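Structure record follows, encoded as structure tokens.
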There are 4 protein chains.
Amino acid sequence: MVRPRDMAVDGKVLAAAGEELRHRGYDGLSIDRVAERAGVAKTTIYRRWPSKAELVVALIAHLREDVPFAPTDDPRGDLTNLVATIAAGLAATPPALVADLAAAAAREPRVGDRVRALWAERHAAVTAVVANAQQQGLVLDHVAPETLVDQLVGPLYYRLLVTGEPLSADYARTLVDSVLGKEPR
Amino acid sequence: MVRPRDMAVDGKVLAAAGEELRHRGYDGLSIDRVAERAGVAKTTIYRRWPSKAELVVALIAHLREDVPFAPTDDPRGDLTNLVATIAAGLAATPPALVADLAAAAAREPRVGDRVRALWAERHAAVTAVVANAQQQGLVLDHVAPETLVDQLVGPLYYRLLVTGEPLSADYARTLVDSVLGKEPR
Amino acid sequence: MVRPRDMAVDGKVLAAAGEELRHRGYDGLSIDRVAERAGVAKTTIYRRWPSKAELVVALIAHLREDVPFAPTDDPRGDLTNLVATIAAGLAATPPALVADLAAAAAREPRVGDRVRALWAERHAAVTAVVANAQQQGLVLDHVAPETLVDQLVGPLYYRLLVTGEPLSADYARTLVDSVLGKEPR
Amino acid sequence: MVRPRDMAVDGKVLAAAGEELRHRGYDGLSIDRVAERAGVAKTTIYRRWPSKAELVVALIAHLREDVPFAPTDDPRGDLTNLVATIAAGLAATPPALVADLAAAAAREPRVGDRVRALWAERHAAVTAVVANAQQQGLVLDHVAPETLVDQLVGPLYYRLLVTGEPLSADYARTLVDSVLGKEPR
DNA sequence: AGATAATCGAGACGGTACGTCCCGTCTTGCT
DNA sequence: AGCAAGACGGGACGTACCGTCTCGATTATCT
């Protein structure tokens, strides 16, 4: 009954915002400039995203790549793959962006919900594999799977945000080895 | 021959900036407001710190607290204490502040150096204890101590910044148990 | 073959617009708000009145009140009554509204026509009485009746719009006395 | 003790605003454009005048020409000159501008004060001459001088704002004649 | 005791971006 | 067609900070 939102707008705006974010960073991302670059009125942007933070959240969600995850009967391999994939994804994202999201999440509840939902997907995938591995007796079963997940994924964020050390596929393997024990054979 | 700088100014400004940083975050930290709150002219602030980032750098150095740590001959106890202390310290800090610092660190190299130096202290303390425990055969020695440290401390930041789950002393114990194996007897 | 226009719409819109005009003035009159207040779509308003100015034109025609005026054989009394009635009418209207109408009239020719027609009625009534009085020798006949009317009615607007002084019935009497000379007996 | 305001700014801004006002009218006067035209930051304008209305008030006050008034021993001549001068001044001002000022005055008390002060000067000059004439027996003394002033000046505004009739020097003379009586000789 | 020179407060200034409010036009589907 | 609902491009608003700049007024220290 009403004029529907122009679907193309979302794409144009997010594309423009992405460019800006990449080239100028979060602070330098100006709605005015995004609007101009997208060939769209500023009001149109604010009609869809109430603030810069929300726009960036949507942007991230848009950029999100599925963590393609096909479980095999080799939990160790699955886990290594998964952690390495997550590490690679994080390594490809500007650290400042991740930190900005964390900060926005901590300050604005609505943003927090969305950001947490974003990470939760990956978290859940890892949890599933870990639980699976545990059932097959590959992991010390005195530890809750959630804790193990924290110890597999947490270090990635720790390095990215805190120590600034690089995230390599090797590091992912090291983490899995530490949790599952050295390769049996 | 010249009028010396008023020593009290540094303190007043840093105190005011700290308040602002805590309550409004890095982005919301406004030099105008800091100047007003500190009862100091904006010029005076810019005379000492050439930018907001540098001011925050100085501020961070001020915020540092010692992690008091006295090693005993009980590495497991030492480790649990240390991790619990760090967890408590983090839990007492507004998550947004930690995230803001991470973001500022990622954006401004000089801020990054200082922030990393800030966390490095704690990191080093944990590393020492872990290495010590490893020498006493308490930990699987196929894993480098740095990795274990990441798996002890990383999850704390992960919870604080990413999942938003609480940081309890219990959680600290769980982490240590996971790394050292369940209490032998 | 076509759906007829909903007659009720005109009334609802003009009523809403009148409210807005009274409370917020011409500039503050927003079509968006009028539409909402009238429970009508903006499109519907624009279908009938092509612009804000035209809407106000229509509105003004609606606001017109008759100045009930029954001439007797006492011109002085008639004049005093008439001027007092006009003064009371003006005093009861928010000064800002009168000023806004004047401004709109000066800016938009079509509004000007309507507004002038609105006041002209009153003007004409006074002119008639003045001419009548003059014929009866009550007024110095070296002055054109139009001038006298200006001097009777003009001061009312002058006070309302310029000096801000109150418009009382007494003041109306004073004006008439000044023009006709003090009550003979 | 502080950096003084740049005196040149007032002039540049008011000049630019005057241009805009003349060419685009009150509504079309945009602070952004004024700032650009004056080569001044928008903030600088807002620092001095809190709103568009106040800026225009200042502008008018700036444009204000003294009503040069040298009393002679010929009150009738003085009065005619004075009223004619005021009429000429009003005739030279866009009616919409006068109406806008009246509207702004009616809505914003602060603006009202200023605008009234602006007109009050002229009002006072006329009052003085009228009182003078009355003392010399030129006017019927049963009428308060304030009333006569209203009847001399009010019609000018009435014509300008309400009836839209022209303001000529002749009309000024007619008004004076009506109040003082036809030229004795 | 002055001269000299940097410090400090106060706040003006040119800028950039923000998020809001309207305007008048448009698109869509229900009546 | 008329109408409700609301998206859209566009323009202006007034606010908040930024970092730079001018001013005195205020301390020292050096002559």
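Every chain is numbered from 1 and lettered A, B, ... according to where its sequence line falls, protein lines coming before strand lines. Only heavy atoms go into these numbers, but all of them, side chains included; no hydrogens, no water, no symmetry mates. The model shown is predicted, which means the values in this text are computed figures rather than measured ones.
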What's the CD-P distance between E54(C) and dG24(E), to the nearest Å? 11 Å
Nearest-nucleotide check on DNA chain F, G28(B) vs R24(D); residue mapping nearer the 5' end is R24(D)
Along DNA chain E (nearest heavy atom to each residue), the more 5'-positioned of P50(C) and L29(A): L29(A)
Looking at Y26(D), does the NZ or CZ of K52(D) lie under 6.0 angstrom from its six-membered ring centre and within 45 degrees of the ring axis? yes
What's the CZ-C1' distance between R5(C) and dT31(E), to the nearest Å? 17 Å
Side chain of Y46(A) - closest among dA7(F), dG19(E), dA12(E): dG19(E)
Do the side-chain N or O atoms of S51(B) get closer than 4.0 angstrom to the phosphate oxygens (OP1, OP2) of dG19(F)? no
Roughly, in whole Å, what's the span from CG in D32(C) to C1' in dC23(E)? 8 Å
Would you tell me if any nitrogen or oxygen in the side chain of T44(D) comes within less than 4.0 Å of OP1 or OP2 on dG14(E)? yes
Whole angstroms only, please: what is the CD1-C1' distance between I45(C) and dT25(E)? 15 Å
Touch check for K52(C), heavy atoms < 4.0 angstrom, all strands: base, sugar-phosphate only, or nothing? sugar-phosphate
dC3(F) phosphate, OP1 or OP2, under 4.0 Å from R48(C) side-chain N/O: yes
Could you measure the distance from the CG atom of L118(D) to the CG atom of L101(D)? Nearest 0.5 Å is fine. 7.5 Å
Hey, is R107(B) close enough to D100(A) for a salt bridge, meaning N to O under 4.0 Å? yes
Phosphate contact (dA12(F) OP1 or OP2) by R33(D) side-chain N/O below 4.0 Å: yes
Check this for me: does the side-chain of K42(A) come within 3.5 Å of the base of dG19(E) through a donor and an acceptor? yes
Treating R33(D) as the side-chain partner and G28(D) as the backbone partner, does any N or O pair qualify as donor plus acceptor under 3.5 Å? yes
Would you say dC18(E) has OP1 or OP2 under 4.0 Å from some side-chain N or O of S30(A)? yes
Whole angstrom is fine here: how far is it from CD1 in I31(C) over to P in dG6(F)? 18 Å
Given side chains that start at C-beta, do those of D32(A) and K42(A) come closer than 4.5 Å, heavy atoms only? yes
Compare side-chain N and O positions of R47(B) against OP1 and OP2 of dC8(E) and report whether any pair is under 4.0 Å apart. yes
Looking at T43(C) and dA5(F), is any side-chain donor or acceptor paired with a base atom of the opposite kind under 3.5 Å? yes
Round to the nearest Å and state the distance from D27(B) atom CG to dA16(F) atom C1'. 13 Å
Integer-rounded Å distance: dC22(E) P and Y26(C) OH: 15 Å
Could you check whether the side chain of R3(A) and the base of dA7(F) have a donor-acceptor pair of N or O atoms closer than 3.5 Å, going by distance alone? yes
Figure out the CH2/P separation between W49(C) and dC3(F), and round it to whole Å. 10 Å
Donor-acceptor pair, side chain of R37(D) and main chain of E20(D), under 3.5 angstrom: no
